[in-house]
Amino acid sequence: MADEGDMSVLLVSSSYDQTIKFWEALSGICNRTIQSGDGQVNRMAISPDKRYLACASVHSVLLYDIRTSNPQPVMKFEGHYGNVTAVAIQADGKWMVTSSEDGSVKVWDMKTGSIQRNYKHNCAVNDVVIHPNQGEVISCDNEGNVRIWDLSENTCTHQLIPEEDVAVRSVSVASDGSMLVAGNNTGNVYVWKMVNTKDVTSLHPTTKFRAHSKYITKVLLSPDVKHLATCSSDHTVRIWSSSFQMETTLQGHQRWVWDCAFSADSAYLVTACSDHYVRLWELASGQIIRQYNGHHKGAIAVALNDV
């Protein structure tokens, strides 16, 4: 994490109070609040150039200009008709992908707001991420499916069903493309090795383990691929090693933990919890470095860019 007051550190949170808050990471001061125009914000993504914040909301995706004080979105992406559950922005900021409870995964042109791809699940889609090769997206749904979509072929190349009829809540792909992780409603985590040969991805199941006794709300691999964070309805976040041995349980959350984000150096984790707090944790010690207090209802999502 950078020095206090350094505007290169972007830390943003959203809440059921329908606000989006920008924080000074180390001082804990909130320096900007936006009232969301479309209900609560379920997930957020910061564009690679730190210019825009994409907010997955109740029916749309709202794009805010981070560099101005304009409280209104500069663009609204409309086309979903159910809760938008996740959003991810491509490495060059040219397109983004969203998932929704309406059963679809959509790829959007960031400049025009038009839908470039529209992929269908048969039920609510809970999460979507972009493969580091920028040519595939990976989504998961309420019926227990994990799907890989090839953007150039415009087709689903893999369908994985870790547990029949158990909702997969979250997926994460390693920054080096070496593995895929999924977490489900029974508290189980599934890991696949990913091999890319001649632009074709193959998947090999490597391990499954019980991470929590209750719902997993989020799985996230660290940028250095040495840690996995799992958030849960059991009021904890657990940090796992690259061999999936438990390293730390982050205790101090009073309610469900919905979301998390690693710092670029993988040494810190930010979490969003239903107890209204956003917290910054130092992973080496397992200690809370900062608590961000300002939301009047549960904190749902966090986004961090400290590159």
Side-chain angles (χ1 to χ4, degrees), residues 86 88 99 121 125-133 136-150 156-197 200-251 256-263 265-269 271 281 283-284 286:
S99 60
H121 287 245
V125 188
N126 295 319
D127 198 9
V128 66
V129 294
I130 300 171
H131 190 290
N133 65 18
E136 294 169 298
V137 296
I138 301 149
S139 53
C140 61
D141 69 27
N142 258 3
E143 290 179 354
N145 299 287
V146 177
R147 296 178 187 269
I148 299 181
W149 307 90
D150 185 310
C156 177
T157 55
H158 299 80
Q159 180 183 6
L160 310 163
I161 308 172
E163 285 176 59
E164 200 81 47
D165 294 324
V166 177
V168 179
R169 190 61 50 190
S170 179
V171 286
S172 182
V173 61
S175 59
D176 61 2
S178 62
M179 76 176 100
L180 171 66
V181 176
N184 72 11
N185 273 6
T186 57
N188 288 330
V189 170
Y190 290 82
V191 183
W192 295 265
K193 182 182 179 186
M194 299 182 90
V195 179
N196 193 282
T197 311
V200 176
T201 297
S202 59
L203 290 148
H204 310 278
T206 53
T207 190
K208 165 205 167 183
F209 63 97
R210 191 74 180 269
H212 298 268
S213 58
K214 296 183 177 178
Y215 292 100
I216 290 174
T217 53
K218 176 87 170 183
V219 293
L220 186 63
L221 288 159
S222 61
D224 65 4
V225 202
K226 291 181 179 176
H227 308 279
L228 170 72
T230 56
C231 303
S232 173
S233 63
D234 68 7
H235 306 183
T236 69
V237 175
R238 291 190 170 143
I239 308 297
W240 308 82
S241 69
S242 56
S243 59
F244 304 105
Q245 302 301 307
M246 193 170 74
E247 295 180 328
T248 323
T249 299
L250 303 181
Q251 293 179 319
W256 286 42
V257 188
W258 289 106
D259 197 12
C260 65
F262 278 100
S263 60
D265 64 2
S266 305
Y268 299 89
L269 190 76
T271 58
W281 303 80
L283 296 182

| remark: What one should report as the nearest heavy-atom pair of Pro223 and Phe262 is CD-CB, 3.6 Å
| task | Among Asp259, Val219, Thr217, Val189, find the residue that satisfies the side-chain contact (heavy atoms from CB on, under 4.5 Å) test when tested with Ser170. | result | Val219
| request: Indicate yes or no for a side-chain donor-acceptor contact from Ser266 to the backbone of Asp224 under 3.5 Å, with no hydrogens or angles considered. | output: yes
| field | Within-4.5 Å side-chain heavy-atom neighbours: Pro162 and Lys208 | value | no
| message | Just verifying a value: how many Å separate Leu203 CG and Ile148 CD1, rounded to the nearest 0.5 Å? | response | 4.0 Å
| message | Assess the residue pair Val191 and Leu228 against the criterion (side-chain contact (heavy atoms from CB on, under 4.5 Å)); give the C-alpha distance rounded to whole Å, side-chain angles, the decisive distance to 0.1 Å, and a yes or no. | response | CA-CA 11 Å; Val191 183; Leu228 170 72; 5.7 Å; no
| query | Is any side-chain heavy atom of Ser139 less than 4.5 Å from a side-chain heavy atom of Ser99? | reply | no
| request: Return yes if some donor-acceptor pair links the side-chain N/O of Thr249 with the main-chain N/O of Gln251 below 3.5 Å, else return no. | output: no
| said: Is it the case that the side chains of His212 and Thr230 hold a donor-acceptor pair, with the cut-off being a distance below 3.5 Å and no angle test? | reply: yes
| request: Verify, without hydrogens or angle tests, whether Ser172 (side chain) and Leu221 (backbone) share a donor-acceptor contact under 3.5 angstrom. | output: yes
| Side chains of Asn184 and Asn188: is there a donor and an acceptor less than 3.5 Å apart? | no
| query | Could you give the distance from NZ (Lys226) to OG (Ser243), rounded to the nearest 0.5 Å? | reply | 12.5 Å
| Considering all heavy atoms of both residues, which atom of Val237 and which atom of Ala229 are nearest to each other, and what is their separation? | CG1-CB, 4.4 Å
| task | Nearest 0.5 Å please: distance from the NE2 atom of His121 over to the SG atom of Cys156. | result | 7.5 Å
| said: Determine whether a donor-acceptor pair (N or O, by modelled atom type, separation under 3.5 Å) exists between the side chain of Asn126 and the backbone of Val168. | reply: yes
| task | Measure from the side-chain N and O atoms of Arg238 to the backbone N and O of Met246, and report whether any donor-acceptor pair falls under 3.5 Å. | result | no
| request: Give the C-alpha distance, both sets of side-chain angles, the deciding distance and a yes or no for side-chain contact (heavy atoms from CB on, under 4.5 Å) between Thr206 and Met179. | output: CA-CA 9 Å; Thr206 53; Met179 76 176 100; over 6 Å; no
| query | Which heavy atom of Trp258 sits nearest a heavy atom of Lys218, and at what distance? | reply | O-CB, 3.9 Å
| message | As an exercise, state the distance from CG of Leu269 to SG of Cys231, rounded to the nearest 0.5 Å. | response | 6.5 Å
| Shortest non-hydrogen contact from His227 toward Glu247 | ND1-OE1, 2.8 Å
| message | Please check: side-chain N/O of Ser241 versus main-chain N/O of Gln245, any donor-acceptor pairing under 3.5 Å? | response | yes
| message | I'd like to know if the side chain of Asp234 reaches the main chain of Lys214, judged simply by a donor and an acceptor atom lying under 3.5 Å from each other, with no hydrogens or angles considered. | response | no
| task | Heavy atoms only: give me the nearest Arg210-Thr186 pair and the separation to one decimal. | result | NE-O, 2.9 Å
| request: Please report the shortest heavy-atom distance between Val171 and Ile138, naming the atom on each side. | output: CG2-O, 3.8 Å
| said: With a 4.5 Å cut-off on side-chain heavy atoms, are Met194 and Asn133 touching? | reply: no
| field | Heavy atoms of other groups near Tyr215 OH, more than 12 under 6.0 Å | value | no
| said: So Val257 and Leu250, do their side chains get closer than 4.5 Å, heavy atoms only? | reply: no
| field | Straight-line distance of Thr157 OG1 to Asp150 CG, nearest 0.5 Å | value | 6.0 Å
| Side chains of Ser178 and Val225: closer than 4.5 Å at any heavy-atom pair? | yes
| field | Side-chain donor/acceptor of His158 to backbone N/O of Thr201, under 3.5 Å | value | yes
